[in-house]
> 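Mind looking over this structure? Questions follow.
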Amino acid sequence: MNPSQKIEVGVLGGTGMVGQHFIRFLRNHPWFEVTWVGASDRSAGKKYSEATAWRLDGMMPERIANLTVQDCKPSNHAPRLMFSATDASVATEIERAFAEAGHIVVSNSKNHRMEPDVPLLVPEINADHLKLIPLQQRKRGWKGQIATNPNCSTVVLTMALAPLKQFGIAKVIVTTMQAISGAGYPGVASMDINGNVIPYISGEEEKMQQETQKILGQFQGDHIEPLPAKVSAHCNRVAVTDGHTITVSIELMRKPSEPELIDAINQYRAVPQQRNLPSAPSQPVIYLTDPARPQPRRDVERENGMAVFVGRLRGCPVLDYKFIALGHNTVRGAAGAAVLNAELMYSEGLLD
Ligand SMILES: NC(=O)c1ccc[n+]([C@@H]2O[C@H](COP(=O)([O-])OP(=O)(O)OC[C@H]3O[C@@H](n4cnc5c(N)ncnc54)[C@H](OP(=O)(O)O)[C@@H]3O)[C@@H](O)[C@H]2O)c1
């Protein structure tokens, strides 16, 4: 399945926080090679190293440092496959322009996620939602396409719920403890977040509720039928650097035992594992038996940041069960998610 030579890719918004995560995540990728970076006209024309204040651990990759930043406009020089991490205020037009011009846009922005003909992908859960792409192209008259990945807290919830879907998900109540890196750079002011919890993240609760239903929904020929479960989210920002932790209470239609649920979590494998996609964790959802785990500081970097960790499964006196889950918000919730989406698309022949 490996491509005979590396596939050139571009990063729209490559100078920003998520853009830098793309650059870092792709630096040794076996299939993809970043050859093009786009940003605003403040950066276009400069070398990547001059336009970018590198905020991540480790050094800026030298080959990328020497690339000249381009305008985010489709041109002959832009590769066909484009990852997008552009500012949400401009992502709609930029991504559409690239898709219209024949590019495959794999976006991390929220802008197109809930459009009915745009796949909102978690490859372990809904690889079949890619069947929306031909419909999207017909409807919009595009040669290219747009596929998206979820919001950084939604991906943690949906990955944790995916193994439990077989028991019939009826109701979900989720409370998040979200890392400050999810707010970009410089994020939340230190005076606001140190020793504090901020019980509001604009738009986040609605995104978690709606995106979860779409991701876990069924492809029905020409649309996605949302999962008919009630989902209620409470979203909080906490003084953690990386890693969104969520606590979840769930009501199931069937009533499995606790060991059955833990077994379902640990046995869960899907298309990315079957196809051995390069960024796929070998076990996507990992149950930790230590009652004091998962913890963001101790667990978030494991499995290259691509797995979701679940723990403390126990009975819930209000719904049926409750548990905790953790995922890496800038890896599994952003750049890593989009790269895995592109790997899935390649494995489906959509990049040919
Ligand atoms: N931060 C996160 O953890 C996170 C997680 C999930 C999703 N997201 C989403 O990812 C996207 C990027 O977030 P971020 O935190 O990386 O933001 P950011 O650091 O502010 O970066 C924004 C990027 O967009 C570019 N840009 C701004 N205005 C532009 C314009 N008019 N034309 C073309 N490019 C323009 C910027 O280029 P310049 O450098 O030239 O200004 C920069 O490359 C957003 O849609 C956000 O909602 C972020």
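Note that ligands are numbered from 1 as they come in the structure, with each ligand's atoms numbered from 1 the same way. The basis for the numbers below is simple: all heavy atoms, side chains too, and nothing from hydrogens, waters or symmetry mates.
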> Quick one: which of Asn149, Asn341, Thr148 gives a side chain to side chain donor-acceptor pair (under 3.5 Å) with Asn108?
Asn149
> Which heavy atom of the protein is the closest neighbour of atom 36 (C) of ligand 1, given with residue, atom name and distance?
Thr15 OG1, 3.9 Å
> Taking atom 46 (C) of ligand 1 as the reference point, report whether a protein heavy atom occurs under 4.0 Å from it.
no
> Does the residue Ile94 have a heavy-atom contact with ligand 1, meaning some pair of atoms that are separated by less than 4.0 Å?
yes
> Is there a salt bridge (Lys or Arg N to Asp or Glu O under 4.0 Å) between Arg332 and Glu124? Walk through the geometry before answering.
CA-CA 12 Å; Arg332 189 67 215 217; Glu124 280 88 350; 2.7 Å; yes
> Should we say atom NZ of Lys143 is surrounded by more than 12 heavy atoms from elsewhere, each under 6.0 Å from it?
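No, NZ of Lys143 has 12 or fewer neighbouring heavy atoms, counting only those of other groups under 6.0 Å.
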> Taking atom types as modelled, is there a side-chain donor on Asn111 or Glu95 under 3.5 Å from an acceptor on the other?
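No, because no side-chain N or O of Asn111 sits under 3.5 Å from a partner of the opposite role on Glu95.
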> Please classify the Ser89 to ligand 1 contact at 4.0 Å (heavy-atom distances, strictly less than): side chain, backbone, both or neither.
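Neither; nothing of Ser89 gets under 4.0 Å from ligand 1.
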> Run the contact test for Gly182 against ligand 1 with a 4.0 Å cut-off on heavy atoms, strictly below, and give the result.
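For ligand 1, residue contact (heavy atoms, under 4.0 Å) with Gly182 is present.
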> Could you tell me whether ligand 1 has any atom less than 4.0 Å away from a heavy atom of Arg42?
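Judged by the 4.0 Å heavy-atom criterion, Arg42 does count as contacting ligand 1.
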> Return the residue, atom name and 0.1 Å-rounded distance of the protein heavy atom closest to atom 9 (C) of ligand 1.
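Here the nearest protein heavy atom works out to Asn108 ND2, 3.7 Å.
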> Just how far is it from atom NE2 of His234 to atom CD1 of Ile201, taken to the nearest 0.5 Å?
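Answer rounded to 0.5 Å: 13.0 Å.
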